[in-house]
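Predicted, not measured: the structure shown is a model, and the values here were computed from it. Reckoned from all heavy atoms, side chains included, excluding hydrogens, waters and symmetry mates.
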Amino acid sequence: YEHRGGNVRLNCYNVEQDPENFASLEKEVEEARPRFPSVGVSYFQGPFQEHSDKILRLIPESEDTFVFIDPFGPKGVELDEVMRFLVRRRSEVFITFMSNYIGRFMTDAHKAGLVDAIFATDEWRDLVGLPTTSQQTGAVQLYGKQLQKKGLEMGKELYVLPIDVAFEDRSANQYHLIHVSQHPKGRLAMEESVGKVKRLSTQEALFTLGPEIEQHALKALRANPQGMRALDLAGKVWFRSWYASWPTDIKEAIRTLESTGEAEVRTHNGRSRPRGGLEERDLVVLKGGR
């Protein structure tokens with residue numbers, strides 16, 4: 001806001017169920033509002049699900065939308081509820097995924113219906129009985145894959161970035177944050193933001209990174225013989241390998257493909273390219289039409 005000299009248009013739709021927390025939220029925001037006159041604020045008391053339809057109607061479909069779903073407990077992250085906010089092309093979601101609580105619910109027969117709704121599948125039953133850490137990891141992986149599956153059914157690729165919230169005095173994660181975007185630029189921005197917060201870290205142990213990054217890139221280039229912008233190519237990799245890092249894994253994969261003569265990079269602005277230098281808009285082209 002200050003970077004733009006106060007000239008920013010932003011509308012916030014704040015939802016809080018707990019009456020005491022709602023009063024505190026409204027008080028704190030209203031005290032700050034005189035400093036940010038161009039920011040609009042609306043308040044909704046009650047469960048998020050009760051107000052999501054109304055909020056969606058208030059937001060024009062052409063507007064960029066960032067939805068932060070932060071429930072206390074597992075309710076509110078049911079897959080179909082989340083996907084409603086990803087139907088629009090210019091929207092992304094950031095979910096507090098209470099992997100610890102959800103794991104406990106897996107062994108409660110009375111909660112089976114809720115867990116089914118969270119994952120939109122009964123495959124979570126394969127996670128029952130696993131050690132806590134493995135169960136949380138499996139739940140995050142299944143949830144992300146289900147998000148991507150639903151996205152493909154709508155004709156779009158979703159970029160999923162899970163972030164584990166770890167505490168030094170706990171053997172398992174308390175919960176995860178899951179960012180879902182529809183554009184590689186959004187995925188890159190979140191990766192950069194996470195990198196600046198020491199308390200949070202992407203849990204790369206979930207997936208093994210390595211030569212498969214290059215294979216994902218090659219597959220995408222073969223499907224696009226005219227070439228791809230480097231960031232768009234990164235999006236194809238991120239769809240399949242959630243934890244691939246732009247500055248290390250993906251750039252390094254492109255450099256490797258260059259060194260082996262399988263691809264070439266054409267700068268977008270005709271600049272002199274330093275050794276290994278790569279920008280988001282540079283064109284990566286498969287050599288030899290392989």
Side-chain angles (χ1 to χ4, degrees), residues 86 89-90 92 137-138 140-164 178-196 201-290:
L86 289 166
R89 184 174 63 88
R90 302 175 68 88
E92 55 189 277
T137 297
V140 171
Q141 183 175 353
L142 177 60
Y143 191 75
K145 287 184 175 181
Q146 285 294 101
L147 284 166
Q148 290 185 316
K149 178 182 177 181
K150 291 287 187 178
L152 288 175
E153 291 173 0
M154 296 192 302
K156 60 179 68 179
E157 292 186 348
L158 300 178
Y159 308 111
V160 175
L161 177 62
I163 306 158
D164 68 307
I178 300 178
H179 179 245
V180 189
S181 56
Q182 302 186 54
H183 193 284
K185 190 71 174 179
R187 165 59 178 75
L188 177 58
M190 184 57 69
E191 176 183 314
E192 292 172 343
S193 297
V194 170
K196 296 176 183 177
S201 62
T202 52
Q203 194 173 0
E204 295 185 2
L206 283 177
F207 298 98
T208 302
L209 302 180
E212 78 273 9
I213 304 299
E214 296 161 27
Q215 296 305 311
H216 293 328
L218 275 174
K219 182 177 180 180
L221 290 172
R222 287 171 182 147
N224 296 273
Q226 75 282 4
M228 301 181 69
R229 291 192 315 163
L231 187 60
D232 292 330
L233 180 58
K236 294 297 182 181
V237 173
W238 281 325
F239 182 72
R240 294 170 175 81
S241 187
W242 299 347
Y243 293 95
S245 170
W246 164 253
T248 54
D249 302 304
I250 294 176
K251 284 188 175 182
E252 184 59 35
I254 294 173
R255 294 187 190 107
T256 299
L257 294 178
E258 275 191 289
S259 67
T260 59
E262 295 176 273
E264 65 174 310
V265 176
R266 302 170 186 170
T267 59
H268 69 92
N269 54 4
R271 71 183 188 283
S272 297
R273 185 169 168 239
R275 182 179 179 84
L278 183 70
E279 295 184 4
E280 298 170 15
R281 290 184 290 166
D282 287 344
L283 187 68
V284 185
V285 182
L286 192 68
K287 294 182 69 173
R290 290 172 290 177

- Message: Would you compute the distance between atom NE2 of H183 and atom OH of Y159 and round it to the nearest 0.5 angstrom?
- Response: 7.5 Å
- Query: Step by step, would you call R273 with E258 a salt bridge (charged side-chain N to carboxylate O under 4.0 Å, His left out)?
  - Reply: CA-CA 13 Å; R273 185 169 168 239; E258 275 191 289; 2.8 Å; yes
- Item | Heavy-atom pair with the smallest gap, counting every atom of Q141 and W242 | O-CH2, 3.4 Å
- Query: Hey, what do you get for CG (D164) to CD1 (I178), rounding to the nearest 0.5 Å?
  - Reply: 11.0 Å
- Message: Measuring from atom CD of Q215 to atom CD of E212, what distance do you get when rounded to the nearest 0.5 angstrom?
- Response: 9.0 Å
- Item | Least distance between heavy atoms, V237 atom then A217 atom | CG2-N, 4.1 Å
- Query: Is there a donor-acceptor contact under 3.5 Å from the side chain of Q148 to the main chain of L158?
  - Reply: yes
- Item | Partners passing side chain to side chain donor-acceptor pair (under 3.5 Å) against E192 (at least two apart in sequence or in another chain) | none
- Is the count of non-hydrogen atoms from other residues, nucleotides or ligands lying under 6.0 Å from K156 atom NZ greater than 12? yes
- So, are E280 and K185 salt-bridged, with charged N and O less than 4.0 Å apart? yes
- Measuring from W238:CH2 to L188:CG, what's the distance to the nearest 0.5 Å? 4.5 Å
- Query: Does any donor atom in the side chain of S245 or E191 lie under 3.5 Å from an acceptor atom in the other side chain?
  - Reply: yes
- Query: Taking side chain as C-beta onward, heavy atoms only, is R271 less than 4.5 Å from E279?
  - Reply: yes
- Query: So which heavy atom on G144 is nearest to which on V160, and how close?
  - Reply: O-CG2, 4.0 Å
- Message: R90: which residues meet the side chain to side chain contact (heavy atoms under 4.5 Å, CB included) condition with it, sequence neighbours left out?
- Response: D64
- Task: Give a yes or no answer on whether the side chain of W246 reaches the backbone of K251 with a donor-acceptor pair at less than 3.5 Å.
- Result: no
- By side chain to side chain contact (heavy atoms under 4.5 Å, CB included), which residues pair with R281, not counting sequence neighbours? R229, H268
- Task: Supply the atom-to-atom distance E157 CD to F239 CZ, rounded to the nearest 0.5 angstrom.
- Result: 5.0 Å
- Item | Considering all heavy atoms, the nearest S241-I213 contact | OG-CD1, 3.4 Å
- Taking atom CD1 of I254 and atom CG of D282, what is their separation to the nearest 0.5 Å? 9.0 Å
- Task: Would you indicate whether the side-chain heavy atoms of L286 and P225 approach each other to under 4.5 Å?
- Result: no
- For D249 and Y243, the nearest pair of non-hydrogen atoms, with its separation, is OD2-O, 3.9 Å
- Looking only at non-hydrogen atoms, find the nearest pair between I250 and A234 and report the distance. CD1-CB, 3.7 Å
- Message: I'd like to check K219 versus H216 (side-chain heavy atoms, cut-off strictly below 4.5 Å). Are they in contact?
- Response: no
- Item | Check: E264 side chain, K287 main-chain N or O, donor-acceptor pair, under 3.5 Å | no
